[in-house]
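Following: one structure in structure tokens, then a few remarks.
In what follows, every heavy atom counts, from backbone to side chain, and hydrogens, waters and symmetry copies are set aside.
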Amino acid sequence: MHLLLVDGSGYIFRAFHALPPLNRKSDGLPVGCVQGFCNMLFKLTQDMDIDEPPTHVAVIFDHSAKTFRDEIYSDYKAHRPSAPEELVPQFPLTRHATRAFSIASIEMEGWEADDIMATYACQAKSRGWKVTIASSDKDLMQLVEMDGSIRLLDTIPRPGQPPLRWIGPDEVFTKFGVTPDKVIDVQALCGDSVDNVPGVPGIGVKTAAELINQYGDLETLLARAEEIKQPARRQKLVDNAELARISKQLVTLEQAVPLEIDLDGLARQPMAPSALFPFLKAMEFATITKRLAGLLDANPDDFEPDPDLKAGGNKDMGAPKKSADLSVAKAKLAANVVPGTGPARFAASEHARVKAVPIDYDAYRTVTTAEDLSAIVSRIYARGHVAIDTETTGLDPQQADIVGICLSTEIGEGFYIPVGHAKAGDLLAGGGLLEGQLPIRDVLDALKPVLEDPSILKIGQNSKYDMEVFERYGIAMAPIDDTMLMSYALDGPQYNGLDVLAKHWLDHKTITFGELAGTGKGQKTFDQLEIAPAARYAAEDADVTMRLWHVLKPRLAAENATALYETLERPLAPVLARMEARGITVDRQILNRLSGDFAQRAAALEAEAYELAGQSFNLGSPKQLGEILFDKMGLEGGTKTKTGAWSTGADVLEDLALKGVPLARTIVDWRQLTKLMGTYTDALPTYINPRTGRVHTSYSQASVLTGRLSSNEPNLQNIPVRTGDGRKIRTAFVAAPGKILISADYSQIELRLLAHIADIGALKDAFEEGLDIHAMTASEMFNVPVKDMPSEVRRRAKAINFGIIYGISAFGLSNQLGIARGEAGDYIKTYFERFPGIKDYMDAQRARVKIDGHVTTIFGRKIQFPNANSGNPSERSFVERASINAPIQGSAADIIRRAMIRMEPELKRLGVEADMLLQVHDELIFEAPEGTEETAMSAIKTVMEGASEPAVRLTVPIQVDAHAAKNWDEAH
DNA sequence: GCAAGGACGTA
DNA sequence: GTACGTCCTTGCA
């Protein structure tokens, strides 16, 4: 018995590049590959009949792009460009051709052709059959058998070469330098840039073959990697063992695909003129038709061209009528090969559907009558959801007033309801409102029931803003969906604003606010705009938001981001909205006094600096300072920044001060004081809201790579704490009269998560026993008892612990500790020896990010690193360190998010009256009635400590420390 | 008027 | 060595 397997997909791709293009005469349909394919099938059966006629034949095709390999490696074949346009219509035609030749055409969802062929070949061999695989794909070379029972046959015609070329063990050896059974081990090491199999960076085929021949196989090699003499090669293998193992999985063909048609089903059938000629005639292949007619002793004229496939035929599948229709037909064919199933397919088709409807500004309506408004409300009830966007007088949701509201219930639609556009005229004149606007109260009364209706979904882009604005007008908008948060859950912070999302997903450039209202000093606020242009802008926002919702929502299910979005993103937005609305009291008097004090001391330092420098200059200018220190005074040891300017950072100045340069110390002190003034004591009072008398920060939920929040205007996540002067600023953050501030912070949460994620027994035990973790680390590393440990020893261990979390490098650690690179390297080595799991964790993350392009937190948040395989080594190292840090920082961020989401209902359930005001990454600040702090702190701690449950049961204890006081400094 | 770079505050 | 936001100066438009 002899089984012939034809690599159909492989043939098409290779033939496309090897063969001259050919178009069907009557309509220009590209058919070069189809013709080559028919010739190949014909030739194969002919030539093989002379030699060893196959008794069983099948052509195997790839079904879709998505296979199990994508599960272990999402970038697998990511570099493969999508099929050229001319190729797309030829895919289905080669299936037709196969059937026309009465040959089994096999493809299976979720499997590559290679796996199916491997399975058939394996089964045939076990029956003692001979196997020929018509392919020259190097990935199939692993199937070649030494005894010649399985061989490849290259069938692509090449000038100057025989038409059929056999690939047996010798040819495989020429290609890979090893016997066929070791091909996968070589491929695991050298990788494959075409299929984007990583391999071990810096190892090519030759080195790989040498290593495998020496050690026998990959696992032996990796196990004995330390024995390799060449240091660079040894290091590469040690560092990238995990990548190599994953690469091997990727290149190893599956030999146990659950076949739908067994071997016997592939028994060769005689060619049937009634199948063959209608196809060949539809393709207009005259030569091969003639030759087959002779062979089969049939008259092609007895057959009509296949009506579905012929030029001008009546099905999409075959030939479109005119070349003008070609692109449409191709698009339809391409749509048929959309990867994946179910949710992914739906997401792709929704995306296509939304994009197909062009943005039409003429379709937008401005609402000026109560009747129209009530019709829209009915429309929203009928729909069940509505995209909504408020236009206001500013960007601060705690100050801005509503100028207009825009609604969209379906893509392409946009209703703008102007309510606050002002008449032109100077501010003093107070010109009143423009005509043609409904009274704001009437509009809000009409909308309030819909906006608060729990059965109507309100879709927004950054809904938190609109929630806060509406709250001030007595409307509690709920429930919400948010396109910004969906995008964040799916793709991270890379596409943030509505404009970027619209460009990326809808290929539409939205009107910018600058285009509408001008930029810079002359920029108008929304209420100063004419209604008509404002309506276009506003309606577009609502329409685009609705479109994005249709594009992004299905992607959540398709890309396994629903849980992340529903549990960590969507419910947090209203919580943050309430925190922002509450604000915190900042004592203006305290800041004033501090400002005066700091200013006086800064002025003294300034005078001192001029004295020491022998001239006056701008102390705030690093440029001038660098020139004075290193050019004028000629101090040694200066370094330049990447732009060629002198480096004058605090570490440099600190160094100089120690070397006896008093000016350096003066500058350091001056910088600290002016920093405190400029950023805090002078700036904070300007953020006090006149309406509430409190400071309302704004949290960004969707701008940090790792899942943390960020805080701005003002940033209340970087209020000083490390220096005495800095801490004085914290004393200005006070509880309202009759209230008390509570600060609750996670103790060492990132180190605890490292212990959990990397599964480090020694660390976990230390946390379990409540030990001083840095002292314990020092004791392990330096063999000194914890008791009476010198503080310097503990300090070093602490720096190393933090270094680990940050993706340690000898360079960084040596800088941090002010020690030599070599010494820092020795510390790291010792650390890895004492806690071997840490190195495994780091290697695993490094490998993961190169393979998948992302790493994940314990709650499944994906953190993307598009540059993971950058050609720039320093960029690559940066990604490696970030990918080590991100799961730790991100998991901690997810945990505190869960705590925040649960906090309010839980406190309410327990009857605890405490308001959550601020979040500072691992700390939550509350304001509670004086006297209730003990019960409040206990409830808060319970929620925070249990926040990972039940989704994740941590294997380390989580500890929260809480304190209460009248100001933040004392509470912390 | 705006963007980039440097510096520095936090976890 | 990770993750941010803000202030100030500088250089260019």
Nearest-neighbour nucleotide for the A/K642 side chain, C/dT2, B/dG9, B/dG6 considered: B/dG6
On the nucleotide B/dA11, are OP1 or OP2 found under 4.0 Å from the side-chain N or O atoms that A/R708 carries? no
By the 4.0 Å heavy-atom rule, please label A/T648 as base, sugar-phosphate, or nothing. sugar-phosphate
Rounded distance in Å - CD1 (A/I884) to P (C/dA3): 12 Å
Would you say that more than 12 heavy atoms from the other residues, nucleotides or ligands in this model lie under 6.0 Å from the NZ of A/K509, or not? yes
Just how far, in rounded Å, is P of B/dA7 from CG of A/D651? 9 Å
Among residues 717-724 of chain A, which contact DNA chain B at a heavy-atom distance under 4.0 Å? A/Q717, A/N718, A/I719, A/P720, A/V721, A/R722
Does C/dT10 have OP1 or OP2 sitting under 4.0 Å from an N or O in the side chain of A/Q624? yes
Students often get this wrong, so: under 4.0 angstrom with heavy atoms, is A/S809 touching a base, only sugar-phosphate, or nothing? base
Cation-pi geometry met for A/K640 and A/W646 (6.0 Å, 45°): yes
By the 4.0 Å heavy-atom rule, please label A/A799 as base, sugar-phosphate, or nothing. base
Categorize A/E713 for me: base, sugar-phosphate, or nothing, with a 4.0 angstrom heavy-atom threshold over every strand shown. sugar-phosphate
Taking the basic N atoms (NZ, or NE/NH1/NH2) and the acidic carboxylate oxygens, is any pair closer than 4.0 Å for A/R897 and A/E569? yes
Look at the side chain of A/L813 and decide which nucleotide, out of C/dT6, C/dG1, C/dA3, has an atom nearest to it. C/dG1
Carboxylate-amine/guanidinium proximity below 4.0 Å for A/R727 and A/E970: no
Hey, does A/F802 reach any base, or is it just sugar-phosphate, or nothing, if we go heavy atoms under 4.0 Å? nothing
Could you please name the option among B/dA11, C/dT6, B/dC8 that lies closest to any side-chain atom of A/Y806? B/dA11
Distance, rounded to the nearest Å, where A/M677 contributes CE and C/dT6 contributes C1': 15 Å
Is A/E242 salt-bridged to A/R846, going by a charged N under 4.0 Å from an acidic O? no
Does a side-chain N or O of A/S700 approach OP1 or OP2 of C/dC4 to a distance below 4.0 Å, or not? no
Looking for any heavy atom pair under 4.0 Å, which part of the strands does A/G803 touch: base, sugar-phosphate only, or nothing? base
Under 4.0 Å between a Lys/Arg side-chain N and an Asp/Glu carboxylate O for A/E606 and A/R601? no
Checking all strands, does A/A893 fall into the base, sugar-phosphate, or nothing category for heavy-atom contacts under 4.0 angstrom? nothing
Nearest to side-chain heavy atoms of A/T643, which nucleotide of B/dG5, C/dT6, C/dG1: B/dG5
Under 4.0 Å, counting only non-hydrogen atoms across every strand here, what does A/K623 touch: a base, just sugar-phosphate, or nothing? sugar-phosphate
A/S647 near the nucleic acid: base, sugar-phosphate alone, or nothing, with a heavy-atom cut-off under 4.0 Å? sugar-phosphate
Touch class at under 4.0 angstrom, heavy-atom based, for A/Q816 against every strand present: base
May I ask you to say whether A/E654 pairs ionically with A/R665, meaning some side-chain N is under 4.0 Å from a carboxylate O? yes
Nearest to the side chain of A/Q889, which nucleotide is it out of C/dA3, C/dT6, C/dT10? C/dA3
Take A/Y806 and A/R881 through the test side chain to side chain donor-acceptor pair (under 3.5 Å) and record every step on the way to the result. CA-CA 6 Å; A/Y806 296 155; A/R881 292 191 298 272; over 6 Å; no
Reckon A/T641 touches a base, only the sugar-phosphate, or nothing at all at heavy-atom distances under 4.0 Å? sugar-phosphate
